[in-house]
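A short worksheet on the structure shown next.
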Protein chains: 2
Amino acid sequence: MNEAVVLTPERILEATEDVLRRYGLTKATVVDVARALDVSHGSVYRHFPSKASLRDAVAKRWLDRANEPLCKLAAGSGPAPERLEKWLRTAFTIKQKKVCDDPEMFATYLALAQGAREVVEAYKDKQVDLIAKILSDGVAQGEFEIDDVKTTARAVFDATVRYHHPAHAEEWAKPECPSRIDALIALLLRGVRVCKH
Amino acid sequence: MNEAVVLTPERILEATEDVLRRYGLTKATVVDVARALDVSHGSVYRHFPSKASLRDAVAKRWLDRANEPLCKLAAGSGPAPERLEKWLRTAFTIKQKKVCDDPEMFATYLALAQGAREVVEAYKDKQVDLIAKILSDGVAQGEFEIDDVKTTARAVFDATVRYHHPAHAEEWAKPECPSRIDALIALLLRGVRVCKH
DNA sequence: TCGCTGACAGATTTCAATATCTGTCAGACA
DNA sequence: TGTCTGACAGATATTGAAATCTGTCAGCGA
């Protein structure tokens, strides 16, 4: 093969995403990926021990990319309540946009994620850490009153499952959805804020 | 056929549940139901216009049965915060018990529910009404401070999706689950309670 | 030596023929 | 007269043979 174009895990992941986009998860095969890269499928197995590990690596890439804006928000500064609200709304919007823009791709992503438990678990833990960061900022600012920040962050995450877990994606397009999100965020903010009396 | 045993919708539903329990949703057919009742399958269509309507009727029966204890709790009296907590915990326990006791049957119920959107929607609305009842009791008792009871009830329902929606059933058995439920309930109660200062 | 190839075994998927099911209806039976 | 039957058409599910895929590895070529 052309020595200027070495076969790297990165290139394989790129090609795999292309193939997934083109054929969908059910139809995409390792042979397809190899063909797209113009190598034998044996070569792919030189870099990824199994199809499952390739699948997981693609899932991780996607999740990390999606997570980036949220990391920035959590790392930022400013009043914690506004930041928490913004963070949640951004989290919902990211997911929602993915569904609306390309439902087929989202179905692929969903199926992918369901098979990559560990990757998803790590991703969720990271999300909870981000929420915890904002909550503890809020406590430091005297805006929030929270016993156990980590536990409460988990509770906030759990409480918003409906708007970030793909299992509920069909509901996100409904017209009453935005006002329900407003109500949920208001309820959660009231649950962490210090009493204003 | 025996005139002492007339064919009623009730008997058909009974037989359908038996058949579902025995064969599972994917294998159960209208012919099976008819066979269990010792009638021709044409007779079943005299009482239910389609297999889907039969399916929906079974789903409604199940959901109504499951809902009964929750209706009683909501209709009861006593301090609203305790009642809300009890209501939520009971709702979770009912679902959890169904999963643990008979996972196979739960899978059937889940698939059934996914095909009976309208029935499930009505059931969920009823649940929200029950929460709203407790919340408005709490407002009357001076325990809760809530702008819009109905909207907040919906938010409480949404926030607890993780512990009553079957899509998350796998997570319910995890050891950290109870403490996460505790944290979530605490957060929500703080969100509706009047300030104690 | 090192990365890649291509053939292979066993597992999985496809496909088309076959069987079964859903929903209808004319007519039997009480 | 009204309920139930049983045969039927079209839709759906099953099945097993054939094709394809996954994962391995001996050996090729640089």
**Request:** Would you mind checking if K97(A) and D102(A) are paired as a salt bridge, meaning a charged N to carboxylate O distance below 4.0 Å?
**Result:** no
**Request:** Would you mind classifying the nucleic acid contact of V31(A) as base, sugar-phosphate or nothing, using non-hydrogen atoms under 4.0 angstrom?
**Result:** base
**Request:** To the nearest Å, give me how far apart CG (L7(A)) and P (dC2(C)) are.
**Result:** 18 Å
**Message:** I'd like to know whether NZ of K60(B) has more than 12 heavy-atom contacts from other residues, nucleotides or ligands below 6.0 angstrom.
**Reply:** no
**Asked** Contact class for T29(A) vs. all strands (heavy atom < 4.0 Å): base, sugar-phosphate, or nothing?
**Response** sugar-phosphate
**Prompt:** Would you say E118(A) has more than 12 foreign heavy atoms packed within less than 6.0 Å of its CD?
**Reply:** no
**Message:** Taking R61(B) first and then E10(B), would you say they form a salt bridge - that is, a charged N and a carboxylate O separated by under 4.0 Å?
**Reply:** yes
Table of protein N/O atoms under 3.5 Å from nucleotides 12-19 of chain C N/O atoms:
residue	atom	partner	partner atom	Å
dT14(C)	OP1	K27(A)	NZ	3.2

**Distance-only donor-acceptor check, side chains Y123(B) and D64(B), under 3.5 Å** = no
**Request:** Please work out which of the three classes, parallel, tilted or perpendicular, describes the rings of F106(A) and W172(A), given edges at 30° and 60°.
**Result:** perpendicular
**Prompt:** How far apart are the C-alpha atoms of T29(A) and D32(A), what are their side-chain angles, what is the distance that settles it, and do they pass the side-chain hydrogen bond (donor to acceptor under 3.5 Å, both in side chains) test?
**Reply:** CA-CA 5 Å; T29(A) 70; D32(A) 291 329; 3.2 Å; yes
**Asked** Do T90(B) and I94(B) come close enough that some side-chain heavy atom pair is under 4.5 Å?
**Response** yes
**Complete:** note: R35(B), atom CZ; dC21(C), atom P; distance rounded to Å ~ 7 Å
**Message:** If the helix axis at each end comes from five base pairs, how far does the helix from dT1(C)-dA30(D) to dA30(C)-dT1(D) deviate from straight, to 10°?
**Reply:** 20°
**Prompt:** Tell me: CG of D32(B) to C1' of dT20(C), nearest whole Å?
**Reply:** 11 Å
**Prompt:** Can you find a heavy atom in the side chain of L70(B) that is under 4.5 Å from one in the side chain of W87(B)?
**Reply:** yes
**Request:** Look at the rings of H168(A) and H165(A) and say which category their plane angle falls in: under 30° parallel, 30 to 60° tilted, over 60° perpendicular.
**Result:** perpendicular
**Distance (rounded to the nearest 0.5 Å) between T151(A) OG1 and I146(A) CD1** = 10.5 Å
**Asked** Do any of residues 41-60 of chain A sit with a heavy atom less than 4.0 Å from DNA chain D, and if so which?
**Response** H41(A), Y45(A), S50(A), K51(A)
**Prompt:** Between dT20(D) atom C1' and Y23(A) atom OH, what is the distance in whole Å?
**Reply:** 14 Å
